Number of protein chains: 2
Amino acid sequence: MVQQPMYQQIAEKLRARIEAGELAPGAQLPTELELRDQYSSSRNTIRDAIKRLTSQGLVETRPGQGTFVTPRVDPFVSELSGDPTRGPGEGAAYLSEVNKSNRSPSVTLPRVEVQIPPTEVKRRLRVPPNTQVVSRHESRHIDGIPWSMQTSFYPMEFITRGATHLLMAQNIEEGAVQYLAQAIDVRQVGYTDWITARVPNKNEQSFFGLAYDATVFEIFRTGFDQTGTALRVTVTVWPADRNQFIVNVGKVPDLEY
Amino acid sequence: MVQQPMYQQIAEKLRARIEAGELAPGAQLPTELELRDQYSSSRNTIRDAIKRLTSQGLVETRPGQGTFVTPRVDPFVSELSGDPTRGPGEGAAYLSEVNKSNRSPSVTLPRVEVQIPPTEVKRRLRVPPNTQVVSRHESRHIDGIPWSMQTSFYPMEFITRGATHLLMAQNIEEGAVQYLAQAIDVRQVGYTDWITARVPNKNEQSFFGLAYDATVFEIFRTGFDQTGTALRVTVTVWPADRNQFIVNVGKVPDLEY
DNA sequence: GGGTATTTGTCCGTATGTATT
DNA sequence: AAATACATACGGACAAATACC
């Protein structure tokens, strides 16, 4: 085994102090200058060590204040395999699911737009190029913490066929999927979730308060009707540090996770 | 909008050059000294800019060679919602699934151990503290690229009840779940997948060739029998840069992703 | 195989800016 | 306003990895 560079050794020592509990979640680390003296090093080397820990989410730095052990957050668990006739945490369904775990969720009013969708969405909705669609964007908090951002895309023809609520900047209480069934008899009988992970963009960094090198889940949910036609695509972005997912297949016992 | 620091501006300019196609995937960037001159900066500032790009997976550096635009990999898509009576990409099932996409998969021989499982596994398998279990660890490559690492845990009593193949360091052709059904009539009727993302540990970094700040998916699959008893826990680790997942619920048309 | 040039990695010192208390 | 702590930026020196002759 070769000798590791100094800044990695220091990072490991700090990690050990954290994981041993000597530095509890939320506690402040020694300042960079103190650490420099403790480890007989230079401030820049200490900073390199701390950078390693921050990009692993172990500590966070606050200018003017200090460096702190990242407080542990209680992750929220979302079930992806639910009722195929419902949306992804939509409307009341989502709120009650969250409430079960004694948490207080909130949803912003949707921002509704008519636009040409991003390529990934176009492919899944199977609409021709330059076709406009309705998009509904909303974000959710749990216990005051930003938890997810979501944009749903629907074909424009749903509006002309009578599903006019899709264009209104108001929450659809029963969920958009249920609304479509009741308003214009478009029924979702199944969906496909496509799960990826990536780094957050600028918007997501500021909304979630994430570092540029953090990780978010991005899940594309495509809903299908009886004929196998895509009736909507919902894109949800979830910070990986506070979200986890469950998929149930077949017969499983009632949970405690 | 405030003025951004120089190293971030440089990072953005380099990103623009990459995304414009001026620097194609696999292409070499100018050396740090050349970039220093191009942007009238210092080498350390250039290095800070490049660090931002590497931790976003946009470029990679090779000591002694240079900095290169990260080659795009064709991600492999795994379906989590499959047959509840089968394992996760187990045995022949996994291999044929991969083959469909014209890729050539391979699986290592399992490393079999009898051990006390990690806490997370213990909780899911619902075994008492200090209970030993059988673990079977294997890793998979696709087209020569390391793709996933997997460890399955089974109760020891399965051995005494006759499922002795579990202890053998050989691949179980039909998959361990099918084997359990046939050998000792323990049948998996459903499973729960629990999906998280985290940074890779040392082992995973070296096996997958990942940076310390990369992201891996970690999926815990708990299989249940007719009585709702957990019959095994399988932990699979997948690098996020080359893996994506699909979950189908309800009736969905035949795919193209 | 050895030697040399090139390129990135590590480490240090210093100065100044910005955020917070 | 002053002190404290992290952030940015530059310069320099040497080490380590790689490629090439």
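So that the names make sense, note that chain A is the first sequence line, chain B the second, and so on, each numbered from 1. Only heavy atoms go into these numbers, but all of them, side chains included; no hydrogens, no water, no symmetry mates. Only a predicted model underlies this, so the values are computations on that prediction, with no experimental measurement involved.
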Measure across I50(A) and T61(A) and return the closest heavy-atom pair with its distance rounded to 0.1 Å. CG2-CG2, 3.9 Å
Ignoring hydrogens and angles, write down the donor-acceptor pairs under 3.5 Å from the side chains of residues 7-18 of chain B, residues two or more places apart or on other chains.
| residue | atom | partner | partner atom | Å |
| --- | --- | --- | --- | --- |
| Q8(B) | OE1 | Q4(B) | NE2 | 3.4 |
| Q9(B) | NE2 | Q4(B) | O | 2.6 |
| E12(B) | OE1 | R15(B) | NE | 3.3 |
| R15(B) | NH2 | Q56(B) | OE1 | 3.3 |
| R17(B) | NE | E22(B) | OE2 | 3.2 |
| R17(B) | NH1 | Q38(B) | OE1 | 3.2 |
| R17(B) | NH1 | Y39(B) | OH | 3.2 |
| R17(B) | NH2 | E22(B) | OE2 | 3.4 |

Nearest whole angstrom, please: distance from the C1' of dA13(D) to the CG of N44(B). 12 Å
Residues two or more places apart in sequence or in another chain: which of them pass ring pair (Phe, Tyr, Trp, His ring centres under 6.0 Å) with F217(A)? F245(A)
Within residues 52-75 of chain A or reaching into it, pairs that qualify as salt bridge (Lys or Arg N to Asp or Glu O under 4.0 Å) - sequence neighbours excluded: E60(A)-R62(A), D74(A)-R103(A)
Tell me the interatomic distance from F68(B), atom CZ, to dA17(D), atom P, rounded to whole angstroms. 17 Å
In Watson-Crick or G-U wobble terms, both distances under 3.5 Å, what is the partner of dA1(D)? none
List in chain and number order the residues that pass ring pair (Phe, Tyr, Trp, His ring centres under 6.0 Å) with F207(B), two or more places apart in sequence or in another chain; answer none if no residue qualifies. H141(B)
Base, sugar-phosphate alone, or nothing: which one does Q4(A) contact when heavy atoms must sit under 4.0 Å apart? nothing
Please state how far atom CD in Q9(B) lies from atom C1' in dA9(D), giving the value in whole angstrom units. 13 Å
Using atom types as modelled, flag every donor-acceptor pair under 3.5 Å from a side chain in residues 28-36 of chain B to any protein atom, sequence neighbours excluded.
| residue | atom | partner | partner atom | Å |
| --- | --- | --- | --- | --- |
| Q28(B) | NE2 | Q65(B) | O | 3.1 |
| T31(B) | OG1 | E34(B) | N | 3.2 |
| E32(B) | OE1 | R43(B) | NE | 2.7 |
| E32(B) | OE1 | R43(B) | NH2 | 3.0 |
| E32(B) | OE2 | R47(B) | NH1 | 2.8 |
| E34(B) | OE1 | T31(B) | N | 2.9 |

Could you pull out the protein-nucleic contacts involving nucleotides 4-6 of chain D (nitrogen or oxygen on both sides, under 3.5 Å)?
| residue | atom | partner | partner atom | Å |
| --- | --- | --- | --- | --- |
| dC6(D) | OP1 | T67(A) | N | 3.4 |
| dC6(D) | OP1 | T67(A) | OG1 | 3.3 |
| dC6(D) | OP2 | E32(A) | N | 3.0 |

Between which nucleotides of DNA chain C, read 5' to 3', does contact with chain A run, using atoms under 4.0 Å from its heavy atoms? dT10(C) to dT21(C)
I need the full list of salt bridge (Lys or Arg N to Asp or Glu O under 4.0 Å) pairs touching residues 236-246 of chain B, with sequence neighbours left out, sorted by first then second residue. none
Taking side chain to side chain donor-acceptor pair (under 3.5 Å) as the definition, give me every residue that meets it alongside T151(A), ordered by chain and number, with sequence neighbours left out. H137(A)
In this structure, how many angstroms lie between the P atom of dA9(D) and the CZ atom of R36(B), rounded? 16 Å
Taking only side-chain nitrogens and oxygens of S42(B), does any of them come within less than 4.0 Å of OP1 or OP2 of dA9(D)? no
